[in-house]
Asker: 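Take a look at the following structure, please.
Given the structure is predicted, the values throughout are model-derived calculations rather than measurements.
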Amino acid sequence: MRTSPDALPSGLARGLRSAYLVTGSEPLLIAESCDAVRSAARAQQYADREVHFLERGFDWNALLADAANLSLFASRRLIELKLGPTPDAEAGRALAGLAERPPADTVLLVSGELDYKGLKAAWVGAFEKHGVLVVAQTVERPALPAWIVQRLRRHGVEIEPTAAELLADRVEGNLLAAQQEIERIALLMPGARLDAGQVAGLVADSARFD
């Protein structure tokens, strides 16, 4: 199945799948989605965690052998594969095989940025068919104020539309910077309802320390 970062938590609440590919073009949303999968895996007693970086020359045979030979006495585990360069043919076959036949008592989490062409690869389709494909799309500037409103609301803070526009201008489309401002505002103004003047003051205070 294919889902979005916003819909992923509800999917995880319904049950943990064996294979996840978290990708797209927005690093913040990729990182948050990976954190959500890790948290769900821990809650389901996937206590062991292995992390592998998929660089050129990666030893797929060793990984596949290790994944297939889980000890009877071992705990459940989370195997993370972090994408480097665009996977070549060998890597694509190995990834597709892992998505189609995930190891027992294992959650597989593959993450990294892929462009539009990369999302068309056959191995990506294998994750969509047999596991979960999470695609983190870029939040474009016109949609950023609404994104800010939604994120602040999660923290119990309301913000007027003009104030959200001002904050969107401040971060210049950088989602990570926007999230940092949101967290700072939530810390400084818990439960507030913010207008443009208040946000302008908060932004000015922040600028003095930048």
Side-chain angles (χ1 to χ4, degrees), residues 1-72 74-140 175:
M1 64 174 289
R2 177 184 290 233
T3 191
S4 67
D6 285 341
L8 177 62
S10 61
L12 290 168
R14 290 193 296 271
L16 194 62
R17 303 285 291 272
S18 295
Y20 291 83
L21 169 59
V22 181
T23 186
S25 54
E26 183 46 67
L28 172 68
L29 300 182
I30 291 173
E32 290 181 343
S33 296
C34 288
D35 284 343
V37 174
R38 293 185 196 107
S39 179
R42 285 194 299 270
Q44 294 296 318
Q45 307 303 314
Y46 287 82
D48 291 341
R49 179 181 176 223
E50 300 176 15
V51 180
H52 302 272
F53 294 88
L54 304 185
E55 304 293 345
R56 297 294 184 195
F58 182 77
D59 191 345
W60 284 102
N61 289 331
L63 174 67
L64 295 173
D66 177 63
N69 292 319
L70 182 65
S71 167
L72 292 175
S75 61
R76 293 175 169 181
R77 62 184 172 175
L78 172 68
I79 296 180
E80 290 193 41
L81 304 178
K82 296 184 178 292
L83 298 174
T86 301
D88 58 18
E90 179 190 12
R93 287 191 296 270
L95 288 165
L98 285 168
E100 294 165 7
R101 299 174 298 279
D105 293 322
T106 299
V107 170
L108 178 69
L109 173 58
V110 181
S111 65
E113 294 184 51
L114 289 174
D115 58 17
Y116 180 79
K117 182 179 178 181
L119 287 171
K120 297 294 185 181
W123 70 269
V124 175
F127 275 84
E128 184 173 7
K129 180 177 180 180
H130 299 283
V132 179
L133 170 62
V134 184
V135 181
Q137 302 284 11
T138 300
V139 179
E140 301 293 348
L175 219 59

Asker: Is there a side-chain contact between Pro5 and Val134, using heavy atoms and a 4.5 Å cut-off?
Answerer: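 Yes. Closest side-chain heavy atoms under 4.5 Å.
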
Asker: Report yes or no: is the cationic atom of Arg77 (NZ for Lys, CZ for Arg) under 6.0 Å from the centre of the six-membered ring of Tyr46, at an angle within 45° of the ring normal?
Answerer: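 Judged by the rule, Arg77 and Tyr46 form no cation-pi pair.
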
Asker: Quick one: pull up CG in Asp6 and CD in Glu32 and give me the separation to the nearest 0.5 Å.
Answerer: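 The CG atom of Asp6 sits 9.0 Å away from the CD atom of Glu32.
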
Asker: What heavy-atom pair brings Thr23 and Gly112 nearest, and what distance separates the two atoms?
Answerer: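 Between these two residues, the closest heavy atoms are OG1-O, 2.6 Å.
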
Asker: So if I apply the side-chain contact (heavy atoms from CB on, under 4.5 Å) rule between Pro87 and each of Val110, Leu95, Leu81, which one comes out positive?
Answerer: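 The side-chain contact (heavy atoms from CB on, under 4.5 Å) with Pro87 is passed solely by Leu95 among Val110, Leu95, Leu81.
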
Asker: Find the distance between CD (Glu50) and CD1 (Ile79) and round it off to the nearest 0.5 Å.
Answerer: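 With rounding to 0.5 Å, CD (Glu50) is 4.5 Å from CD1 (Ile79).
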
Asker: Could you check whether Arg38 pairs with Glu80 (Lys NZ or Arg NE/NH1/NH2 to Asp/Glu carboxylate O, under 4.0 Å)?
Answerer: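 Result for this pair is yes, salt bridge flagged.
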
Asker: State, with a plain yes or no, whether a side-chain heavy atom of Val135 is found less than 4.5 Å away from one of Val22.
Answerer: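 No, their side chains stay 4.5 Å or more apart.
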
Asker: Nearest heavy-atom pair of Glu100 and Ala126: which atoms, and what distance?
Answerer: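 For Glu100 and Ala126, the tightest heavy-atom pair comes out as OE2-CB, 4.2 Å.
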
Asker: Mind checking the OG-CZ spacing from Ser18 to Arg101? Nearest 0.5 Å is all I need.
Answerer: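 Going from OG on Ser18 over to CZ on Arg101, the span is 13.5 Å.
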
Asker: Please say which of Leu108, Thr3, Val132 ends up in a side-chain contact (heavy atoms from CB on, under 4.5 Å) with Tyr20.
Answerer: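 Considering Leu108, Thr3, Val132, a side-chain contact (heavy atoms from CB on, under 4.5 Å) with Tyr20 is found only for Val132.
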
Asker: I'd like to know if the side chain of Ser33 reaches the main chain of Ala31, judged simply by a donor and an acceptor atom lying under 3.5 Å from each other, with no hydrogens or angles considered.
Answerer: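 Answer holds: no.
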
Asker: Give the minimum heavy-atom separation between Leu12 and Ala36, together with the two atoms involved.
Answerer: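 That closest heavy-atom pairing would be CD1-O, 3.5 Å.
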
Asker: Considering only heavy atoms from C-beta outward, does the side chain of Met1 approach that of Arg17 to under 4.5 Å?
Answerer: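 Side-chain contact under 4.5 Å: yes.
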
Asker: Would you please test Trp123 and Leu98 for side-chain contact (heavy atoms from CB on, under 4.5 Å) and show each step?
Answerer: CA-CA 9 Å; Trp123 70 269; Leu98 285 168; over 6 Å; no

Asker: Kindly give the heavy-atom pair with the smallest separation between His130 and Ala99, and that separation in Å.
Answerer: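 Looking at all heavy atoms of both residues, the closest pair is CB-O, 3.3 Å.
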
Asker: Please report the interatomic distance CD(Glu90) to CZ(Phe58), rounded to the nearest 0.5 Å.
Answerer: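 Atom-to-atom, Glu90:CD and Phe58:CZ are 10.0 Å apart.
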
Asker: Does a sphere of radius 6.0 Å around NZ in Lys82 hold more than 12 heavy atoms from other residues, nucleotides or ligands, not counting ones at 6.0 Å or beyond?
Answerer: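 Yes.
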
Asker: Do Arg76 and Asp48 make a side-chain contact, defined as non-hydrogen atoms from C-beta onward lying under 4.5 Å apart?
Answerer: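 No, too far: nothing below the 4.5 Å cut-off.
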
Asker: Drop me the distance from Leu16's CG to Arg42's CZ, to the nearest 0.5 angstrom.
Answerer: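 With rounding to 0.5 Å, CG (Leu16) is 12.0 Å from CZ (Arg42).
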
Asker: Closest heavy-atom contact between Leu29 and Ala136?
Answerer: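 Closest pair (atom of Leu29, atom of Ala136, distance): CB-CB, 3.6 Å.
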
Asker: In Å and rounded to the nearest 0.5 Å, what is the OG1 to CD distance from Thr138 to Glu140?
Answerer: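 Taking OG1 in Thr138 and CD in Glu140, the distance rounds to 5.5 Å.
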
Asker: Of all the heavy-atom pairs spanning Leu119 and Val124, show the shortest one and how long it is.
Answerer: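 In this case the closest contact between Leu119 and Val124 is O-CG1, 3.5 Å.
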
